[in-house]
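Whatever order the structure lists ligands and atoms in, that order sets their numbers, starting from 1. Everything numeric in this text was worked out from a predicted model, so none of it was measured. As a basis for the values below, the full set of heavy atoms in this structure was taken, side chains included, without hydrogen atoms, waters or symmetry mates.
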Amino acid sequence: MYFKKDIREKQMKKQTRAIHTAFQSVDAYHALAMPVYHTAAYEFDTANAMADAFCGRTEMPDYSRVTNPTVTFLENKVKALTGAVHVIAMNSGMAAIANTLLAVAGTGRNIVASRHMFGNTYALIAGTLLRFGVKPKLCDLTDLAAVGRAIDENTCCIYLEIITNPQQEVADLRALSQMAKVRGIPLIADTTMIPFTEFSAKELGVDIEVVSSTKYLSGGGTSIGGLVIDYGTCPGFGKRMKTEMLLNMGAYMTPHAAYMQTLGLETLDARYRVQSANALELAKRLRTLPAIRRVTYIGLEDNPFHQLAKEQFGPTGGAMMTIDLESREECFRFINKLGLIRRATNLFDNRSLAIHPASTIFGNFTDRQRKQMDVSDTTIRLSIGLEHVDDLFEDIKNSL
Ligand SMILES: *Cc1c(COP(=O)(O)O)cnc(C)c1O
């Protein structure tokens, strides 16, 4: 359905499929790139056709808050690469996460999640949703007994990040999926840290995948976006996202962002291979520098989560790592001195980025909360780009 006939029949590889997804319908001018349909609404020939589109009996778009051909094309590419039943593209990673949780939760329910989460996801689960009567049950997801104790009859999902940011902790997805299945609740995973072209969340038992497509997918940090990837194992979820959430919350991706992220998706695998190889090589070299107290990177063989990460996500370790220096002051001095590596948040841009998470992303949390989340004052997060590794190493060495 998503490919030209020969590509479909020959079961071509992901790199090929990422490029050659078929348009939903033949373009009037045979454009090779999916045009950007900058339109709010679509005209119908008859009242009957209009009624059919609005009630979901046909695939014709009616209003771009809910469906847009440029966005659908991106969704179809992701569907083809992941084997998902539904893919819903949203305005941001946070929109994907918030809408997903709003679709599965309700007053009196609770969410079992890790203490280690992306700052805004933590604030959403432990703060915003709490105001609507949804309780957070934060526990150590690497401790299966603790997860078992945390789940009760009101739990609506287990929520986790596949590699926590910035702690880089990895939980056993198959085991958590097993627990979720027994209790009849979905396992929801934020897979932003390793692209879905590298591993199959579905095979690990994830029911719903959420991704900040701002990161690896967009490449070059060109646009904000999020994806909800639904494997069809949580009854009614995909339908609720498409009918209730898109219509009532209005956080669908814009056609312009979808266009840029489609271009990003076409080069994702090529970029990721360079970036993850750069990260591994750099992590090895940084360990030789005495001024760096610790290098934390999942791709290093002696990292405590290396083996599990490899089993679940494949041989690459992604392009994010952290380094620890002596003190917060040393971290600031180092960041201020960087010449090539840019001082910015974001992950998986084409250029390398550095940030001090404790004073920025987690800057408005209390010391106690930061301690609970293991966000240390001595940690710097690095996102490794496409530059030559020699130049990155030089920049870091000269800034210490
Ligand atoms: C960036 C990020 C988000 C939020 O995504 P936005 O696109 O910035 O809204 C969520 N989860 C993780 C792991 C992230 O890195």
- request: Return the orientation label for the Phe348 and Tyr216 ring planes: parallel under 30°, perpendicular over 60°, tilted otherwise.
  value: parallel

Under 3.5 Å, N/O to N/O: give me all the pairs between ligand 1 and the protein, one per line with atom names and distance.
from, atom 1, to, atom 2, distance (Å)
ligand 1, 5 (O), Ser212, OG, 3.0
ligand 1, 7 (O), Gly93, N, 2.8
ligand 1, 7 (O), Ser212, OG, 2.8
ligand 1, 7 (O), Thr214, OG1, 2.6
ligand 1, 9 (O), Gly93, N, 3.1
ligand 1, 9 (O), Met94, N, 2.9
ligand 1, 11 (N), Asp190, OD2, 2.7
ligand 1, 15 (O), Lys215, NZ, 2.7

Between side-chain atoms of residues 331-339 and protein atoms elsewhere (two or more places apart, or another chain), which donor-acceptor pairs fall under 3.5 Å?
from, atom 1, to, atom 2, distance (Å)
Arg333, NH2, Glu330, OE2, 2.6
Asn336, ND2, Phe332, O, 3.3
Lys337, NZ, Asn398, O, 3.4

- prompt: For Asp62 and Phe54, which heavy atoms make the closest approach, and how far apart are they?
  reply: CB-CE1, 3.5 Å

query: Less than 6.0 Å separating the ring centroids of Tyr37 and Tyr42?
result: no

For residues 223-230, run the donor-acceptor check on the side chains, cut-off 3.5 Å, and write out each pair with its distance to 0.1 Å, sequence neighbours left out.
from, atom 1, to, atom 2, distance (Å)
Ser223, OG, Gln261, NE2, 3.2
Asp230, OD1, Gly232, N, 2.9
Asp230, OD2, Gly238, N, 3.3

Name the atoms and distances for all side-chain donor-acceptor pairs under 3.5 Å in residues 351-362, with sequence neighbours left out.
from, atom 1, to, atom 2, distance (Å)
Arg351, NE, Asp349, OD1, 3.2
Arg351, NE, Asp349, OD2, 3.3
Arg351, NH2, Asp349, OD1, 3.3
Ser352, OG, Gly385, N, 2.8
Ser352, OG, Glu387, OE1, 2.8
His356, ND1, Ser359, N, 3.4
His356, ND1, Ser359, OG, 2.7
His356, NE2, Asp377, O, 2.8
Ser359, OG, His356, O, 3.3
Thr360, OG1, His356, O, 2.8

